[in-house]
Structures are given as C-alpha cells and as structure tokens.
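Below is one structure, written out as structure tokens, with a few remarks after it.
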There are 2 protein chains.
Amino acid sequence: MGMETQVLPARLPADLSDGVFPAGCPSRTVLDHITSKWGVLILLSLSEGEQRWSDLRRRAEGISEKMLAQTLKTLERDGLVLRKSQPVIPPRVDYSLTDRGYELSALLIPLVAWAYNNADEILNGER
Amino acid sequence: MGMETQVLPARLPADLSDGVFPAGCPSRTVLDHITSKWGVLILLSLSEGEQRWSDLRRRAEGISEKMLAQTLKTLERDGLVLRKSQPVIPPRVDYSLTDRGYELSALLIPLVAWAYNNADEILNGER
DNA sequence: CGGTATCCTAGGAGATACTG
DNA sequence: CAGTATCTCCTAGGATACCG
C-alpha cells in the first residue's frame with residue numbers, strides 16, 4: 001500500500017451501462033456521501049495517515065466545525081473512517097481510514113490529482 | 001479506448017500532500033463541478049456515447065429540466081461536454097464528451113463502480 | 001481539546017407553465 | 001424536441017456561543 005499503482009476498470013458494471021442508475025438506488029446515497037464537498041477533502045487528508053480533529057480542521061481549510069463534525073459522522077457511519085477517543089484530559093481523538101476507506105481514497109486520489117492538474121485550463125478556457 | 005484498463009497514481013501530487021489544498025484553490029471549484037450530484041451521472045451517462053437531451057433526462061433518472069440544463073452548461077463551459085445543435089425542426093441537439101471529458105470519466109467510472117458494489121454493505125452496516 | 005446547540009440565510013433544487 | 005422563466009421550498013452550511 002502506498003507507492004504502488006492500481007489497475008482499474010474502464011467501464012461501468014454491466015447492470016449500470018444502460019440507464020446510469022435508478023433514482024432510489026442505494027449507490028446514489030453512497031455516491032453523495034463520498035463525493036460531498038468536504039467528504040472528499042477529509043478522506044484525502046486521512047489518506048496521509050491518522051489525524052486529530054484540529055489537524056483536520058486546519059488541513060480542510062475553510063471547513064466549519066459543524067461541517068467537520070457532520071462529515072466525520074457520516075463517514076464513520078459508512079465505515080470509512082475510524083474514530084479513536086482516549087479518555088484523557090485534555091481529550092484526544094484520532095481519526096483514521098478503515099480498510100474500506102483506504103480502498104476508496106485510492107480511487108479518489110487520481111480524481112483529485114486530475115482536478116488539480118487541469119483546474120487552470122478548465123477555468124480559464126485554455127485549449 | 002474503451003475496454004482497456006488504466007494505471008493510476010496512488011498518491012496525491014507532492015504540493016498537495018501536506019495541507020490537502022487551500023481554500024481559494026481553483027481545483028476546489030473544478031472538484032465541486034465534477035463531483036456534483038448530477039454532474040457525475042451526466043458524465044457517466046455520456047461515457048457510453050453521444051446522447052440527446054431527452055436521453056439524458058431519462059437516463060439520469062430523477063433530474064429536473066432545470067438541473068439538467070444547468071449541469072450541462074457547467075460541463076460545457078468546463079470543456080468536458082460538447083454540444084452539437086442542428087437547426088432543424090423539431091430541434092435536435094446531441095451531447096457528447098470531449099477528450100478531456102473522456103479522460104475524466106475514466107476516473108469516475110471506478111469510483112461509481114465501487115459505490116455500486118459497496119452500497120449495500122455501507123448502508124446496512126455489514127462487515 | 002474536541003466537540004454541541006442554536007440561529008440564520010444564500011442558493012440548491014423541484015414543480016409548473018410557457019416557447020421557438 | 002429542447003429548452004427558458006418563475007415561483008417556491010428547503011436544507012446545506014456559516015456564525016456564534018457554550019460545554020465536559
């Protein structure tokens with residue numbers, strides 16, 4: 001895990017290839033979670049390793065406490081993020097990716113890298 | 001293009017690896033476009049080939065006309081979708097992906113496939 | 001430090017009606 | 001067929017204050 005590369009499918013699953021996917025499809029919900037504005041940034045940030053609340057707040061620049069809490073809860077419920085709380089004073093809580101979270105982040109990284117590399121051309125209309 | 005697979009980076013660009021990315025970063029805007037609820041579905045649908053307005057309306061089940069128009073305009077402005085309008089009656093307009101759009105859809109497909117394959121486990125909390 | 005609770009509002013998004 | 005135009009509703013999300 002880490003430096004190696006991945007081989008990925010270039011087509012959709014067969015059952016999706018005709019109608020994209022239906023309105024009530026559970027994958028829509030999941031897709032909404034993992035492509036949410038802050039969800040992507042949190043997952044990406046955690047792909048670099050375990051981090052604390054305040055780390056995440058700083059790294060996902062611009063996020064509010066409310067959105068950080070909400071996003072982390074959703075990702076935790078989805079089994080993508082692991083929360084480890086230590087009963088010390090001052091409190092210490094560490095967040096990290098689960099195995100499933102790592103799997104996902106590996107798919108997100110190329111996407112974010114692409115957005116990063118193409119952002120200027122896209123927004124400035126360069127060819 | 002089509003059936004072959006892709007090799008993708010497993011890490012972020014070096015300049016992103018410390019702080020995710022800054023609040024005003026253009027890539028945030030691009031990321032918002034391409035990970036938008038309907039944007040993903042439209043790009044995915046068009047990855048199957050050229051389609052008309054009414055095709056897209058049907059395939060991205062649940063989308064309103066307003067959102068379809070808005071999403072298509074954004075994607076067109078971003079140089080991801082090509083709009084070909086024929087001055088006939090009744091009007092005929094075909095939408096397709098640009099090269100850049102195809103590039104992007106190739107990154108989106110694994111993500112959507114993953115969401116599809118993991119949706120039930122994620123939402124029902126199965127291990 | 002690591003969060004809740006509360007209030008508030010811009011704009012995301014649906015429904016309906018109309019048009020070249 | 002392929003869209004606009006309006007109206008309205010609603011919630012994602014920011015600001016602020018407070019708590020164990």
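Each chain gets a letter, A, B and so on, in the order the sequences are listed, and its residues count up from 1.
- Going from atom CG of B:L68 over to atom P of C:dG12 covers 17 Å, rounded to whole Å.
- A salt bridge links B:R58 with B:D55: the closest approach of a Lys/Arg side-chain nitrogen to an acidic carboxylate oxygen falls below 4.0 angstrom.
- Considering only residues two or more places apart in sequence or on other chains, B:T98 meets the side-chain contact (heavy atoms from CB on, under 4.5 Å) condition with B:L82, B:R100.
- In terms of phosphate contacts, A:R52 brings a side-chain nitrogen or oxygen within less than 4.0 Å of OP1 or OP2 of C:dG2.
- The residue A:R57 sits apart from the nucleic acid: no heavy atom pair falls under 4.0 Å.
- When the P atom of C:dG2 is taken as reference, atom CD of A:Q51 falls 12 Å away, rounded to whole Å.
- In terms of the side chain to side chain donor-acceptor pair (under 3.5 Å) criterion, residue partners of B:R92 (sequence neighbours excluded) are, by chain and number, B:D94.
- Residue B:R92 places no side-chain N or O under 4.0 Å from the OP1 or OP2 atom of D:dA2.
- The nearest whole Å value for the distance from the CD atom in A:Q70 to the P atom in D:dG13 is 7 Å.
- For A:K84 and C:dG2, the NZ to P distance is 14 Å, given to the nearest whole Å.
- Shown here are the side-chain contact (heavy atoms from CB on, under 4.5 Å) partners of A:S85, two or more places apart in sequence or in another chain: A:R83, A:V93.
- A straight line from CZ of A:R28 to P of C:dA13 spans 13 Å, rounded to a whole angstrom.
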Do any side-chain atoms of residues 66-76 of chain B form donor-acceptor pairs under 3.5 angstrom with protein atoms, and if so which ones, sequence neighbours left out?
| residue | atom | partner | partner atom | Å |
| --- | --- | --- | --- | --- |
| B:T71 | OG1 | B:M67 | O | 2.6 |
| B:T74 | OG1 | B:Q70 | O | 3.1 |

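- Not one side-chain nitrogen or oxygen of B:K73 sits closer than 4.0 Å to the OP1 or OP2 atom of D:dA2.
- Distances shorter than 4.0 Å separate none of the side-chain N or O atoms of B:R58 from OP1 or OP2 on D:dC1.
- Taking B:D32 as the reference, nothing meets the side chain to side chain donor-acceptor pair (under 3.5 Å) condition, with sequence neighbours excluded.
- Salt-bridge check for B:R59 with B:E48: failed, with every basic side-chain N at 4.0 Å or more from each acidic carboxylate O.
- Both A:S36 and B:P90 sit near DNA chain D, but only B:P90 has its closest nucleotide nearer the 5' end.
- At the phosphate of C:dG3, OP1 or OP2 sits under 4.0 Å from a side-chain N or O atom of A:Y95.
- With sequence neighbours left out, the side chain to side chain donor-acceptor pair (under 3.5 Å) criterion links B:N117 to no other residue.
- Close to D:dA2, at under 4.0 Å from its OP1 or OP2, lies no side-chain N or O of B:S85.
- Every residue meeting the salt bridge (charged side-chain N to carboxylate O under 4.0 Å, His left out) condition with A:R57, not counting sequence neighbours, appears here in chain and number order: A:E65.
- An angle of 50°, rounded to 10°, separates the two end axes of the helix from C:dC1-D:dG20 to C:dG20-D:dC1, each defined over five pairs.
- Remark: C1' of D:dG3 and CG of B:D94 are 15 Å apart, rounded to the nearest angstrom.
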Check the interface with nucleotides 14-20 of chain D: list each N/O to N/O pair with the protein under 3.5 Å, or write none.
| residue | atom | partner | partner atom | Å |
| --- | --- | --- | --- | --- |
| D:dG14 | OP2 | A:S64 | OG | 3.3 |
| D:dG14 | O6 | A:K66 | NZ | 2.8 |

